[in-house]
Protein chains: 2
Amino acid sequence: MKQVPVNQTEVTLLLDDSSVPLYVQLYRYMKQQISAGHWLHASRLPSVRRLAELLGISTTPIEMAYQQLLAEGFIASKPRSGYFVQWLADVPFALPVESAYPKGPILKRHHYFKYDFHMSKNEYEYFPMTEWRKAYNRCLQENSTADMLFYGDPQGEEGLRCQIANYAKHFRGVACTPEQVIIGSDPFPLLDLISRLLLPYGKSIAVENPCYPQQPEVFRQKGYDVIPIPVLEDGISQHELQSSGAAFVTVSPSHQFPTGVIMPISRRLALLQWAQETGGFIIEDDADGEFRYYGRPIPSLQGLMPDSRVIYLGGFSQVLSPALGVKYMILPKVLLPDYHRLKFQLFLDCTASKLNQMTLERFLREGYVERHLRKMRMILRRKHDRLIGSIQRHFGEHAQISGTGSGFHLMLHLNHPLSEEDLQTLAEARGIRVSSAAYTRMLPANEQSGSDRRSFILGFGGLKEDEIEAGIERLADCWLGAVSL
Amino acid sequence: MKQVPVNQTEVTLLLDDSSVPLYVQLYRYMKQQISAGHWLHASRLPSVRRLAELLGISTTPIEMAYQQLLAEGFIASKPRSGYFVQWLADVPFALPVESAYPKGPILKRHHYFKYDFHMSKNEYEYFPMTEWRKAYNRCLQENSTADMLFYGDPQGEEGLRCQIANYAKHFRGVACTPEQVIIGSDPFPLLDLISRLLLPYGKSIAVENPCYPQQPEVFRQKGYDVIPIPVLEDGISQHELQSSGAAFVTVSPSHQFPTGVIMPISRRLALLQWAQETGGFIIEDDADGEFRYYGRPIPSLQGLMPDSRVIYLGGFSQVLSPALGVKYMILPKVLLPDYHRLKFQLFLDCTASKLNQMTLERFLREGYVERHLRKMRMILRRKHDRLIGSIQRHFGEHAQISGTGSGFHLMLHLNHPLSEEDLQTLAEARGIRVSSAAYTRMLPANEQSGSDRRSFILGFGGLKEDEIEAGIERLADCWLGAVSL
DNA sequence: ATGGATTTGTCCGTATGTATG
DNA sequence: TCATACATACGGACAAATCCA
């Protein structure tokens, strides 16, 4: 602790030998003094040499601290004369020294689930974080700062779009050029864009029932007529689609959510023909198409026909991580002029971070994505098998399973006097998180009420392989024991 | 090469011992045969064993090929009976061909500008890239991988929202709690969200004229009546706003774009009162409020009154870099229930990358943002002064300047017989990029036509300080020399 | 019609070359 | 370098469907 006179004021300057560099300590201290108004405007700071002597250190840290203060405008330099405080002390411009807000995240109250069968969960421990960090760092080092930090291509970085076109072709059988790829951070902005793009072509859209309700909601909010069409054993009912008169349709042919139905080739072609004949468009949601555990992945609907009228939606949330925020869609060529017009009109900018985009491009190019995908597919397959085995062991003939073989979830059906809601609550009380299929159904109110068949969506990504057995055992115990069946 | 009879048809099946697995060769061949219509619907395929014997291989590859065809719907299985072709041969569809698209990025043609006065440009060389990298790396190392990579808070990470609330309070005088902060990647998703939020409250919105056209466009597309209100010397015309009957209004009171007008306190209070009385909402766009070069920064409109009916829009595009993709808005408390309902309904997820959010939180907490902001303010002030001096020197009394003192641009006006468009083209031909103010004006078509007053927006962020003089000299030379004024 | 033989889809254990770490 | 695990392929077993004397 040393006493250093600055101008007329005696001040106390504490230098410790912590890990914080000397010049940073000096800089912080002086900034604090100036901004708090302790050092008045235009007062002269001690010279570099003098202060160094007083503190018993070299002149270098002093110079660095002064330079920093200079760059930020706290002080001004008069060459061969001295440094002078530039702060206007009467401005009550409090520095954000101590924030009144809590530093850490505020505690959220949420259940802790010992067994989490939520379908969006996954084990992210396997993500090649070190490689990602290295790729990120190399991106920042190898590109010029200005290039990295300025606005990017509103459609998504071109290099990444090339890689995605390549990836989608290779892994999903999607036929497209990089010009057709649009990158976004999240399904919502892309869906919203689609809903704007299609507006001139029609106002009614058919959706699968049951389905994930986001797409219907987005279109409904945009003023579309949303027409639910039942999903049969081989996908959306072609007959009802035809007679509905809908202009568009959303489907998930590779692994329908939540039923898990795979649309056979004949139905796919019929769908494409429907689009061709009516001038409609098909929105193909392909969330988990990469994850097929037996046989080869089923190629996308989009690639079945050259220049098909399909908008393909894919992403890396499942393959890598949702935190990267990279989704993409592949537009049919006929829609590209509309897209460019809209982009211009609305000053659209890419919602995905440019830094992440460039890192991901590298990741794809250097084969990390492919490698990680294979690894995850293997891990998930084991969990998938384990889950099925566990259900069979512990539920026996009380339960039926459907929608297996790919993706991150399957469906479990059982007959039970209690409602789906009650069963879900019961499970949660025992620390098991599981969704009933209720939220995916668009019902004419009273349809399912007569039956006592209950359906649940069981995700197997979030649990460790050797937790699955115990989780299902507890679930069976809790449900089958609740009422004598 | 082996001859294999399928049903009645003799077909030729070529099996080579390339690296392609047998079952894949089989699968491909059969898929091709079926989709080309050579094998008719409902015809029976040779049994697994029989085909295996004929081909002289084991049954496994046959089984695998059949399984794949089964999954894709080309064939159907009747257990213990046989496999049957499911193809409808009269649908003439081509299978996906190899699409040829260039792997590398396609060359874009774009002008090179020696002097770029575009307003969104900035010198990103000063960005503390090394510190950012370190912060990013520490984020990844210190947090558990699973936490980092799973879905984040749809509203934005809580820690970052705390830091932003703090930052906005200290640097912009915004009064809010972290609960009011909504994070997004880009103005558009946030504006879109606002336009949805406000729908129940009214259908007409007043906008400043001139202004940046994105906001009017977004609201117009959502079906709002957009009412342009002229910007006077002290901001948007209160009188016309009152009589317009608009439910909402968008303003940029700290540094109006493009005029640079600063709204005085009396007018701000009147605006707040207007909102209070009519039950309307004010959207405050505060793009460059942090950058005020003389006198004290002008606190935001939002913070003038507790619980004011103001939606505040801010971001880090200017302060740090647009590539990080972090924008935020601060909602008035009365709108929070609506927001949460909408968030739930549309399954909204945060459009800003979680990794970047967490890094930015660190950056804010550790004071890097503040330091960088001060430094940039200093640098930009020098450029600002330099630009004004240069214009005065080279244009003399031919030009008038307005909208100075903050932000990243000023306006230059001059009387000239050539149109703004022609002048812009002239400048571009000399390697100077400069925008006329035309695109910011919403005109009743013929308003400005009589006058020969021309207005341009000159951004000073993109040039180095010592390039400005030469750029303006060339601009003056090119414009003033074009026609004798 | 019928019962036994045969065919057939399906399932399972295992061997080998190869890629991964 | 070595160990592991996976993709591919093989041979065999089971039970249901089909066929036939």
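Order of the sequence lines fixes the chain letters, A, B, ..., with proteins taken first and strands second; residue numbering starts at 1 for each chain.
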With a 4.0 Å limit, can you tell me whether [X] has a side-chain N or O closer than that to the phosphate oxygens OP1/OP2 of [N]?
{"X": "B:Ser81", "N": "D:dA17", "value": "no"}
{"X": "B:Ser58", "N": "D:dA9", "value": "no"}
{"X": "B:Thr59", "N": "D:dA9", "value": "no"}
{"X": "A:Arg382", "N": "D:dC6", "value": "yes"}
{"X": "B:Arg44", "N": "C:dT8", "value": "yes"}
{"X": "B:Gln67", "N": "C:dG9", "value": "no"}
{"X": "A:Arg374", "N": "D:dA5", "value": "no"}
{"X": "B:Ser47", "N": "C:dT8", "value": "yes"}
{"X": "A:Tyr294", "N": "D:dC6", "value": "no"}

Indicate whether any N or O donor in one side chain lies under 3.5 Å from an N or O acceptor in the other, for [X] and [Y].
{"X": "A:Ser390", "Y": "A:Glu469", "value": "yes"}
{"X": "A:Gln256", "Y": "A:Glu208", "value": "yes"}
{"X": "A:Ser353", "Y": "B:Asn356", "value": "yes"}
{"X": "B:Glu72", "Y": "B:Gln68", "value": "yes"}

Handout entry: Ring-ring centroid check B:Tyr136 A:Trp132, cutoff 6.0 Å
Key =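 Aromatic pair excluded; centres sit 6.0 Å or further apart.
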[atom1] of [X] versus [atom2] of [N]: gap in Å, rounded?
{"X": "B:Arg50", "N": "D:dC19", "atom1": "CZ", "atom2": "P", "value": "15 Å"}
{"X": "A:Leu373", "N": "D:dA7", "atom1": "CG", "atom2": "P", "value": "12 Å"}
{"X": "B:Ile57", "N": "D:dC10", "atom1": "CD1", "atom2": "C1'", "value": "10 Å"}
{"X": "B:Arg80", "N": "D:dA16", "atom1": "CZ", "atom2": "C1'", "value": "5 Å"}
{"X": "A:Asp385", "N": "C:dC11", "atom1": "CG", "atom2": "P", "value": "12 Å"}
{"X": "B:Leu45", "N": "C:dT10", "atom1": "CG", "atom2": "C1'", "value": "16 Å"}
{"X": "B:Tyr23", "N": "D:dC10", "atom1": "OH", "atom2": "P", "value": "14 Å"}
{"X": "A:His372", "N": "C:dT20", "atom1": "NE2", "atom2": "P", "value": "15 Å"}

Practice task
Ignoring hydrogens and angles, answer whether the base of D:dC10 and the side-chain atoms of B:Glu63 contain a donor-acceptor pair closer than 3.5 Å.
Solution key: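 Such a pair does not exist between side chain and base.
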NA contact type, [X], heavy-atom cut-off 4.0 Å: base, sugar-phosphate, or nothing?
{"X": "A:Arg377", "value": "nothing"}
{"X": "B:Tyr66", "value": "nothing"}
{"X": "A:Lys375", "value": "nothing"}

Exercise for the section: May I ask you to decide whether A:Arg377 forms a salt bridge with A:Glu290, counting only side-chain N to carboxylate O separations under 4.0 Å? Expected result: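 No salt bridge links A:Arg377 with A:Glu290.
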Problem - Among C:dT10, D:dC10, D:dT8, the nucleotide that comes nearest once only the side chain of A:Arg296 is considered - result: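 When the side chain of A:Arg296 is considered, D:dT8 is the closest of C:dT10, D:dC10, D:dT8.
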Problem - Minimum-distance nucleotide to B:Arg49 side chain [options: D:dA7, D:dA13, D:dA9] - result: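 Closest nucleotide to the B:Arg49 side chain: D:dA13.
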